J.: 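Handing you this structure, nothing more for now.
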Protein chains: 2
Amino acid sequence: MNSLRPTIGVFDSGFGGLTVLRELLSLAPSARYVYLGDTARLPYGSKSRETIARYALSSAQFLREQGADLLVVACNTATALALEEIQAAMPIPVVGVIGPGARAAAATPSHPEVLVLATAATTQSGAYTRALNALGIKATEKACPLLVPLVEEGWLDQPLYKSVTLDVLRIYLIEALAQAPTADTLLLGCTHYPLLKPLIETTLQTLRHPMKVIDSANATAQAVAALLPAATAAGEPPVCEFYATDSVEKFQRLGSVFLGQQLNEVKLLDLGG
Amino acid sequence: MNSLRPTIGVFDSGFGGLTVLRELLSLAPSARYVYLGDTARLPYGSKSRETIARYALSSAQFLREQGADLLVVACNTATALALEEIQAAMPIPVVGVIGPGARAAAATPSHPEVLVLATAATTQSGAYTRALNALGIKATEKACPLLVPLVEEGWLDQPLYKSVTLDVLRIYLIEALAQAPTADTLLLGCTHYPLLKPLIETTLQTLRHPMKVIDSANATAQAVAALLPAATAAGEPPVCEFYATDSVEKFQRLGSVFLGQQLNEVKLLDLGG
């Protein structure tokens, strides 16, 4: 690893992983980042394990060719279904999003009981439940299929739109808490959900059910930063390169919402079918 | 074509095309129907024209092998991007969903001005605008990305859930009518949307903007029925076979909502990657 400016490769099936990159830019601004959104082949959620592993390996290989010293699988589905395969195939450290989120939830005060909000594909994989149970923690997973499209529509700020998103969150949380009434920790198990965190906290207040909210994007970035040389925490401004496998324009437009700042150039990449 | 019981092949990337089949079962109950939902490869919307044409051709070929005398492409994206290619490759009549919907809108009283609600992929293709303009009709398309997940979540009936869907419809229709304030005809350009028709009509009433609502599933079924022998309109009860390329259980569960009746057996089919 280049100890002055290591290269971190980050990939996701789309834009969501940019919330992980946003946290990384804050924790380790002096690294070089290469981000790949495999937008042509999203969503990974409806595909088989073999197909997802093949896609993820081709993305990992591309990022390695760009000089990555460390790889972040910033995609819940790819982490759930292919992390071990990517780790086995790559000669560099590979960090997924599920383990760090689960460990951050486990690190809360004694005997947390965790409610995981995620996409249908992630909940069906059961990966969060396995990871949390392995840490001795009781977990309930709740699929929330409307949240990703609400985030991608940007219905987060203006009152008319925000009220719909708040209603949807209220319904999902009421349903989830009916299944897990004593849960005290809420784990956001999708890289789109950090953008919903303020609205989720508002909803928990109106439901009078206080919970510690853990953001797996932040937890993942913390886990990555712990592996990096201390020099990356300050110094040079970050260098970021962005690649997408489809619609560079859409990636640039939507991506800036997830990253919280304008994306400079996005390059189109063809990884094949 | 078997004049007593012709076989109609119907395919879609998922469940939506079952709304077309539901209309067909009502108009031509005596035909034999073979339905294929290519659920393993959905959504088609984010894929290239070449990939969609390849997928659609393999589905069409499979249905032909099952004895189809006529093929219905009950998928807006496949119709928009690959109808001509399928028609050129198949020795049987092939009917898509866009032409019948556009013609039904054109058949309304003098000089209709049409607003089309559809998915982002369909509106980006511009296929409805081209079809309507070719008929001399002014058209505005509005992408409504939240409607498919709302229908798939089944948020249509119970008051708490229905009110969210009504709020979303209200927002989309206000936005759309701001672009097309004099539109008098609303074309539902997605095979999921017939399930929303009652809620859309309620919303138009509360907006005090009456419009003729045209359902492309119904229009397509009318166009297909016109090609069938008269004997199919009555007589034997229908025979239906269902194939899906992924999760037969999910297909059976969700599919019954779209079809408006229980699906009998659903067979798993592997069409390859």
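From a predicted model like this one, the values you see are computed outputs, not experimental measurements. Protein chains get the first letters and strands the later ones, always in sequence-line order, with residue 1 at the start of each.
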J.: Should we say atom NZ of A:K197 is surrounded by more than 12 heavy atoms from elsewhere, each under 6.0 Å from it?
T.: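 Result for NZ/A:K197: enclosed.
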J.: If you count every heavy atom of other residues, nucleotides or ligands that lies below 6.0 Å from B:E249 atom CD, does the total exceed 12?
T.: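 It does: B:E249 CD has more than 12 such atoms within range.
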J.: When heavy-atom pairs shorter than 4.5 Å are enumerated against chain A, which of B:V168, B:D167, B:V148 gives the highest number?
T.: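 Going by pairs under 4.5 Å, I would pick B:V168.
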J.: For chain A, which of B:E175, B:E50, B:R170 has the most heavy-atom pairs under 4.5 Å?
T.: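 Sorted descending by pairs with chain A, the first entry is B:E175.
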J.: Please determine whether the number of non-hydrogen atoms from other residues, nucleotides or ligands lying under 6.0 Å from atom CD of B:E84 exceeds 12.
T.: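 No, not enclosed.
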J.: What part of B:L146 is in contact with chain A, defined as an atom under 4.5 angstrom from a non-hydrogen atom: side chain, backbone, both or neither?
T.: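 Answer is both: backbone and side chain atoms of B:L146 are under 4.5 Å from chain A.
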J.: Give, as side chain, backbone, both or neither, the part of A:L160 having an atom under 4.5 angstrom from any heavy atom of chain B.
T.: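 When you check distances to chain B, atoms from both the backbone and side chain of A:L160 fall under 4.5 Å.
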